[in-house]
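Heads up: the structure comes next, in C-alpha cells.
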Amino acid sequence: MVRFKHRYLLCEVVSDDPRCRLSLEDRVLGGLVRDTIARVHGTFGAAACSIGFAVRYLNAYTGIVLLRCRKEFYRLVWSALPFITYLENRGHHYPCFLNTLHVGGTIRTCQKFLIQYNRRQLLILLQNCTDEGEREAIQKSVTRSCLLEESSAGEELSDSGGEEAAEAME
Amino acid sequence: MSNAKERKHAKKMRNQPTNVTLSSGFVADSGVKYHNGGRKPFQSQKEPHSGTSRQRQTKMSHHSLAESDAKEQSSSRVTFKKKGGWKAGPEGTSQEIPKYITASTFAQARAAEISAMLKAVAQKSSNSLVFQTLPRHMRRRAMSHNVKRLPRRLQEIAQKEAEKAVHQKKEHSKNKCHKARRCHINRMLEFNRRQKKNKWLETHIWHAKRFHMVKRWGYCLGERPTVKSHRACYRAMTSRCLLQDLSYYCCLELKGKEEEILKALSPMCSIDTGLTFAAVHCLSGKHQGSLMLYRANKYPREMLGPVTFIWKAERTPGDTSESRHLWIWLHPSLKQDILEEIKAVCQCVEPTKSTVCLPDPLLTPSQEKSRTDLPTEKIGKKRKWKDDEENAKPIKKVIGDGTRDPLQPYSWISPTTGIVISDLTMEMNRFRLIGPLSHSILTEALKAASVHTEGEDTEKTPHCWWIEACRNPDSVSLHHRQETIFELLGGITSPAEIPAGTILGLTVGDPRINLPQKRSKVLPNPEKCQDNEKVRQLLLEGVPVECSHSFLWNQDICKSVTENKIPDQIYRGARVGGLKETVVHSQYKRSPNVPGDFPDCPAGILFAEEQAKNLLEKYKRRPPAKRPNYVKLGTLAPFCCPWEQLTRDWESRVQAQDESSAASSPGGEESSLRRDVVPCAPMPGRTRQLSDDEGTPLNDSSEPKGVMDTDGPARPGTEGVVGQGATGSLLCVLRSRKLLRQLSAWCGPSSGNSRAAPRAPGTGQQELRREACLSILDRFPKALVWVRLSLLRKGSPEPHTMICVPAEEDLLQLSQDRLYCGPQEPKHSDPFKSQIRKQKEKKKLEKRQKRGCAASEGLAEGDPAAGQQPLTLGLWSGPLPVVTSHCSRVLLGFVTQGDFSMAVGCGEALGFVSLTGLLDMLSSQPGVERGLVLLRPPASLQYRFARIVIEV
C-alpha cells in the first residue's frame with residue numbers, strides 16, 4: 001500500500017537513580033536521542049533520522065519507551081541508542097542506559113510484545129520477591145492482569161460499541 | 001478543516017495508551033498536555049471506568065501496604081489520575097521526588113501497563129468493518145452478508161456491526177410486505193399518492209423504466225432515453241419512425257354555433273400571421289390547423305402562444321345552425337393564459353355543473369372513469385391522423401391535470417353566446433409518429449375493429465357503444481370506407497405525400513390482441529405500393545370529409561382507452577423519444593420550440609428565467625479555475641438573452657446614427673428620404689458607392705409605396721393604436737408572413753444589379769430601401785425576428801451564442817480568402833476581480849475577528865449578506881452595460897437552439913435577432929455578402945461566419 005513505513009523501537013530505560021524516572025518525559029527523551037544520533041552519526045545521520053522520528057509512548061514507572069522512526073534509517077537510531085549514558089534534565093545528569101526490547105513494524109506488534117514481556121517480568125518479580133506483603137501485592141496485580149486479559153475481549157468490544165454509537169450521535 | 005483532521009486523528013488514537021510520567025505540574029506538564037491535546041475529550045468520555053478501577057486499586061494498596069511510603073503513594077496516585085485524564089491532581093504534593101521504588105508499585109505499574117496495552121491491542125484502530133481488515137488471502141465471498149464466513153474470532157464483532165447496519169436500514173423500510181405492496185389496489189394508491197404534485201401520463205411506468213424523467217409543467221415527462229440514442233433518434237426520424245407521447249398537451253373544447261365561436265376568437269388571431277380559425281379546409285373538419293394566439297386586439301404584442309386546432313366534422317355540410325365542436329390543442333405551459341383569455345373573449349364566466357362528481361384520486365383508486373380517448377398521430381412533417389381506440393381498460397382515476405385542483409370547475413358556459421368551454425386536459429391521449437415508416441407501423445399495429453353482428457353475445461364486451469353503432473347501417477358503411485382508406489395508407493411510401501394536417505377517424509380493435517411474438521422491424525411492403533387509381537385519388541384529394549368523422553366524438557360517455565399502445569408500436573420497430581427529441585425535431589423543422597423560443601409570451605419568459613437559474617447554479621458548482629470567465633470573454637449574459645435591452649439599445653443606436661449622419665450631411669432632412677442610409681459615417685466613400693449600386697433599381701420599382709399602403713388596411717384596424725400605444729413597453733416577435741417573406745428576400749445575397757433588377761418587379765418584392773425599413777420599424781418597434789443561421793465553415797453553435805454584425809474588414813478578408821474562419825475577439829479585462837479579492841480579504845478579516853471575539857459573530861454574519869450579494873468570479877454583476885457595443889463586433893441577437901445538424905452536415909442554429917439591427921445591417925452590407933453574420937459562443941473568443949435565412 002501507499003504509506004510511509006516505520007520501525008518502532010520498544011526500549012526500556014534502566015536507571016539506578018529514582019530521580020531519573022521523575023525527569024523522564026517524551027520531549028527530554030526525544031531530544032536526548034536526537035543529540036546522541038548527531039553525536040554518533042554526524043549531521044547526515046541526524047538529518048536522516050529526524051524525519052518521522054517521535055516518541056510514541058512513554059511510561060515513567062516501568063521505564064518503557066516506544067520510539068518511532070522511518071524504516072530506511074532505523075539502524076542508525078538503533079545503533080545510536082547504546083551511546084546514551086545519562087539523562088539530562090534541567091542541568092542534572094542522571095546516569096542511565098536504554099535496553100532495546102523489540103523492533104516492530106507497527107505499534108500493535110510492539111504492544112503485543114509488551115504485554116508478553118510485562119507478564120514475564122511480573123512472574124520474575126514474583127519469584128524473586130522475599131517480602132511477604134509485597135509478594136501478596138504482586139500476586140494481586142498478576143492475577144488482575146490475567147483476569148483483565150481474559151475479560152478484555154468481551155469487555156472491550158461492548159465498550160467500543162458504546163463509543164461508536166456515541167460518536168455516531170455526534 | 002484542521003479541526004476535522006484533528007478529530008479524525010483523535011478517533012484513531014482514542015484507544016492508544018497515553019504517556020505516563022512521574023513529573024506533573026510545572027513545565028513538563030504543559031508539554032504533555034500539548035501532545036495529548038487532541039485526545040482529551042475522547043478520553044474523558046470513557047476513561048472514568050478504567051480510572052476508577054485504578055483508583056480502587058491504589059486504595060486497596062493503601063490498605064494492604066500500610067508500610068509503604070506515603071510520599072510515593074501520593075505521587076503514584078497522582079500519575080494514575082493523570083493517565084486517566086484527570087487534572088484534579090494536587091500539584092503541590094507531586095513535586096516531591098520518590099526516593100526509592102518498591103516492588104509492589106512496580107508490579108502495579110506493570111499491571112496497569114498490561115491492561116492499557118491490552119485495551120489498545122484488542123481494539124481495531126481503523127473505522128473499517130471487520131471483514132475489511134482481514135488480509136486478502138483470508139477474505140471470502142459475501143462476508144458482509146454471512147457472518148459465518150468470517151474467522152471465528154471475528155464473528156462476534158462482525159455480528160454487532162451487521163446488527164447496527166440492519167438497524168439503520170430498518171428505519172426507513174416499508175411497513176407492508178412486498179406482496180401487499182404489489183397488490184393492485186395498494187399499488188394504485190401508491191401511484192396516485194406519488195402523482196399528487198406532478199401528474200403522470202398513462203405511459204408513465206413504461207417511460208420511467210427507460211427514460212430520465214423530469215418534472216415539468218405539472219407532469220412527469222421523459223426527457224431523454226437512458227440509452228445513448230441521439231444519433232439513433234435522428235436516424236429513426238429520417239429513415240424509420242420516432243414515436244412521442246404528447247399526451248401532456250392540453251385540449252380545450254369549445255362547443256357552440258360556428259359563427260359565434262369564430263366571432264369570439266377572431267380578435268385573438270391575426271391573418272397577418274397566417275390562417276385563422278376560419279380557414280376553409282380546417283373548418284370542414286378535414287384538416288388540423290395551427291396558429292398563433294394573441295391577447296384580444298393586442299396584435300402584434302402580448303403573444304399568448306402557438307396552438308393547433310381541429311374542428312369536428314359536420315354531419316350535414318352547409319348547415320350553419322348546427323352546434324360545432326372546436327378542439328384547441330396547446331402546450332401545458334401556455335394553458336393558464338390562453339384559457340383565461342378564451343374565457344374572457346367568449347364571455348364564459350359561469351362554471352357549469354360538473355357532470356361527473358370528481359372522485360378523490362386517493363380514496364377511489366379502483367373506481368372507473370370513462371374517458372374519451374383520441375390518440376392523435378402526427379406523422380412526419382405535421383401529417384396527422386386521428387384514430388379512436390376502443391380497447392377498454394379500467395383506469396385509475398386521474399381527472400384533469402396537475403395545474404388544476406379537483407374541486408375547480410373545468411367547464412364554463414357563456415350566457416349570451418351559448419358557447420361552452422371545457423377543459424379536456426388529460427382526457428385524451430396523443431402520440432406523434434415522425435418518419436417515413438410511420439404509416440407502415442400504423443397500419444401494422446392497428447386493425448380496424450370488426451363489425452359486430454347480431455348473433456354474437458354482447459354481454460361480455462364493455463363496448464356497448466360500438467355495438468350500438470354497428471346496428472346503424474350508415475355508420476357501418478362509413479366504418480368500411482374509413483377502413484379501406486386506412487388500408488391504402490399502408491401503401492404510401494412517405495407521409496409527405498399526403499396533405500399536411502389530414503385527419504382520419506377510425507375505430508380500431510384492441511391492438512394488444514395481434515401483438516407480434518417477437519420484436520420486429522416493419523418494412524414498407526412493396527406489394528402494397530401499387531400506384532392504383534385509389535391511391536392517386538387519395539393523394540390528390542386527401543381524405544374525404546366524411547371519413548374524418550369518428551364515432552367516438554358523439555359518444556358522451558364511452559369506454560376507452562389505450563395504455564399498451566407504445567409497446568405495441570415498439571414491437572413494430574418504432575423508437576421512442578422524449579422531450580429532448582422534441583427539441584431536436586423542432587430544430588430540424590426549423591420551427592420555434594414551445595415554450596423556450598417564444599420570448600414574448602409569458603410562458604417563454606418564465607422558461608428563460610428558470611433556465612438561467614439552473615445554468616447559473618450549474619456554473620457556480622464548478623471551481624473558478626475550471627469554468628470560463630465570461631467577463632474576460634466579453635460575454636455579458638451567458639445564461640439568458642436580454643431581449644429587452646438588446647432591442648432598446650438598437651433603437652437608441654440607430655437614432656444616434658441618424659442624428660450623426662444628419663449632422664454630417666449637408667441636407668439633413670433630405671437624407672432620411674434619400675437612399676444613403678448607410679450609418680457608417682467614417683466611411684463616406686463606401687457609402688456613396690453603395691448608394692449608387694442600389695440607386696438604380698430604386699427608380700425601376702415604382703410600386704413599393706403602394707404595397708405598403710395596401711398592406712396597411714389589411715391588418716386589423718387597431719394597428720395604429722397598437723403601434724403608438726404599446727411602443728416602448730414590450731418587445732414582440734415579427735410574425736407577419738408578408739413582412740417575413742420580404743425580409744427573407746432581402747437577406748439572400750443579391751448577386752449584383754443585373755439579377756436584382758428584373759427580380760424586383762417580377763416577384764412584387766420591394767427593394768431594401770430606407771422608407772420600407774422605416775415603415776416596418778414604425779409598425780414593429782422593438783421587434784425580434786426568428787432566423788435560421790447556417791454556418792459557412794467550421795463551428796457548432798450552442799444556445800445563447802451571440803449573433804454579431806461583421807465589420808467591414810471581416811467581409812473584405814472573407815472575400816479575399818474563402819477559408820478565412822473569422823476574427824477573434826480581443827480578451828477583455830475583468831474589472832470585478834479586484835472587487836472579489838477585496839471582498840474575500842474582508843471576509844477573511846472578519847473571520848479572524850470572529851475567532852477573536854465570538855460575541856460579535858452575529859453582527860459580522862449579518863453584515864455581508866445584507867450589504868451586497870457576493871460577486872461570482874467570471875460573471876458580470878450589476879446592471880449590464882450597453883449590450884450591443886460591448887464587444888468588438890456589434891451584437892445583433894442570440895441563438896436559442898443550436899447544434900451540429902446531422903441533416904445538413906454543418907452547424908446550424910435558430911435564434912432571434914433585433915429587427916432594427918437586422919435592417920440596419922442589411923442596408924449597410926453590399927449585395928454579394930448580404931446576410932452574413934458572425935456567431936460567437938459564450939465561452940469562446942472565436943467568431944464564425946454564418947448566413948442568415950429567415951423562415952416564413
Side-chain angles (χ1 to χ4, degrees), chain A residues 18-19 21-28 55-62 64 89-90 107-108 110-112 114-115 118-119 121-122 125-126 128-129 131 133-142 144-146 148-149 152-168 170, chain B residues 7 11 14-23 27-28 31-32 35 42 45-46 49 57 60-61 64-68 75-76 79-80 83 97-125 127 153 156-157 160-161 164:
Chain A
R19 283 170 305 172
R21 295 195 292 126
L22 181 71
S23 56
L24 193 60
E25 285 163 16
D26 52 356
R27 232 157 26 111
V28 175
V55 180
R56 293 320 299 263
Y57 173 73
L58 180 142
N59 193 338
Y61 276 86
T62 52
I64 298 295
N89 192 19
R90 282 190 287 277
I107 295 184
R108 211 177 165 82
C110 292
Q111 284 168 339
K112 281 176 181 167
L114 188 57
I115 292 165
N118 275 341
R119 199 166 290 144
Q121 289 296 305
L122 275 180
L125 208 62
L126 191 66
N128 294 351
C129 194
D131 192 342
E134 279 190 359
R135 198 181 172 82
E136 211 172 290
I138 292 165
Q139 187 87 49
K140 254 178 194 160
S141 44
V142 169
R144 219 182 113 252
S145 72
C146 291
L148 259 177
E149 190 190 6
S152 68
E155 189 182 296
E156 299 297 339
L157 271 176
S158 66
D159 238 29
S160 76
E163 276 159 35
E164 270 158 30
E167 269 160 36
E170 287 169 15
Chain B
R7 273 177 58 181
K11 195 181 173 192
R14 65 177 182 235
N15 294 314
Q16 296 300 325
T18 47
N19 289 350
V20 180
T21 48
L22 277 174
S23 60
V27 198
V32 172
H35 277 286
F42 288 91
Q45 274 182 8
K46 54 161 182 161
H49 158 69
Q57 166 214 341
M60 276 188 324
S61 59
S64 58
L65 313 169
E67 80 276 20
S68 62
S75 76
S76 82
T79 50
F80 277 127
K83 197 190 169 191
I97 302 157
K99 286 286 182 305
Y100 47 88
I101 182 164
T102 55
S104 65
T105 47
F106 194 67
Q108 277 168 19
R110 287 254 188 244
E113 200 173 56
I114 286 178
S115 70
M117 289 299 154
L118 266 177
K119 190 181 171 64
V121 169
Q123 206 111 67
K124 65 186 174 63
S125 56
N127 49 2
R153 66 188 167 86
E156 208 173 341
I157 311 171
K160 271 197 182 101
E161 275 171 0
K164 222 184 287 169

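Labels below follow one simple rule: chain letters A, B, ... track the order of the sequence lines, proteins then strands, and each chain is numbered from 1.
Note: B:Glu113 CD to A:Gln111 CD = 10.0 Å, rounded to the nearest 0.5 Å. Rounding to the nearest 0.5 angstrom, the gap separating the CE atom in B:Met117 from the CZ atom in A:Arg108 is 12.5 Å.
Two residues are said to be in side-chain contact when any heavy atoms from C-beta on lie closer than 4.5 Å; A:Leu122 and B:Ile114 meet this criterion. Counting only heavy atoms from C-beta outward, the side chains of A:Ile64 and B:Arg110 approach each other to under 4.5 Å.
For chain B, the nearby part of A:Leu114 is the side chain; its heavy atoms alone come within less than 4.5 Å. Heavy atoms closer than 4.5 Å to chain B are found nowhere in A:Leu126, neither backbone nor side chain.
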